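First the structure, in the form of structure tokens, and then the observations on it.
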Amino acid sequence: MAAFVIVDITILNQHEYEEYKKLTPPSIAAYGGKFIARGGVTESLEGDWNAERIVILEFENVQRAKEWWNSELYAPAKEIRQRNAKTKMILVEGISV
């Protein structure tokens, strides 16, 4: 079953965050993941969720998503993101689009 990583990001330091954006795609691809959405315009349709930046990743399954998130390949980028942004991130099983 496909797995999706859904991320709500508030960037605190845009300059340093640019390095994160460069490092992340190869790490995702190495684990068979792909971007479904990456920083496009968002619009709240209901409730008070006003996201600054949304990213949605698709992986083959939950195990591959967790392998990516815990990988040494992603670790340097993760450290940059955690230092320069506030992040809410969830992993959800779903169907492939």
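Residue numbers run from 1 in the order of the sequence given. The structure presented is a predicted model; accordingly, all values stated were derived computationally and were not measured.
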Worked check of side-chain contact (heavy atoms from CB on, under 4.5 Å) between M1 and N61: CA-CA 5 Å; M1 179 172 284; N61 54 45; over 6 Å; no
Working to the nearest 0.5 Å, report the span between [atom1] of [X] and [atom2] of [Y].
X: E19; Y: E16; atom1: CD; atom2: CD; answer: 9.5 Å
X: E60; Y: E58; atom1: CD; atom2: CD; answer: 10.0 Å
X: F4; Y: I90; atom1: CZ; atom2: CD1; answer: 11.5 Å
X: N70; Y: K78; atom1: CG; atom2: NZ; answer: 5.5 Å
X: N13; Y: N84; atom1: CG; atom2: CG; answer: 4.5 Å

Going through the checks in order, is the side-chain contact (heavy atoms from CB on, under 4.5 Å) test met by K86 and I9? CA-CA 6 Å; K86 288 200 258 181; I9 303 167; over 6 Å; no
Non-hydrogen side-chain atoms of [X] and [Y] separated by less than 4.5 Å:
X: L91; Y: K66; result: yes
X: I56; Y: F35; result: no
X: R81; Y: T87; result: yes
X: L23; Y: I80; result: yes

Atom CD of residue position Q14 - does it have more than 12 heavy atoms of other residues, nucleotides or ligands inside 6.0 Å? yes
For the residue pair R53 and T10, confirm or rule out a side-chain donor-acceptor distance under 3.5 Å. no
Which of Y74, W69, F59 passes side chain to side chain contact (heavy atoms under 4.5 Å, CB included) with Y31? It is F59
Closest contact, heavy atoms only, V62 versus E93: CG2-CG, 3.4 Å
Which pair of heavy atoms, one from A2 and one from I95, lies closest together, and at what distance? CB-C, 4.0 Å
Check ring pair (Phe, Tyr, Trp, His ring centres under 6.0 Å) between Y17 and all other residues, then give those that pass, not counting sequence neighbours. Y20
Partners of E79 by side chain to side chain contact (heavy atoms under 4.5 Å, CB included), sequence neighbours excluded? R83
Side chain to side chain contact (heavy atoms under 4.5 Å, CB included) partners of A51, counting only residues at least two apart: D8, T42, W49, I54
ILVMFWY network linking V7 to V92, side-chain heavy atoms under 4.5 angstrom: no
Under the 3.5 angstrom rule, does the side chain of S27 hit a backbone N or O of T24 as a donor-acceptor pair? yes
When you measure from the side chain of K34 to the backbone N and O of L57, does any donor-acceptor pair fall under 3.5 Å? no
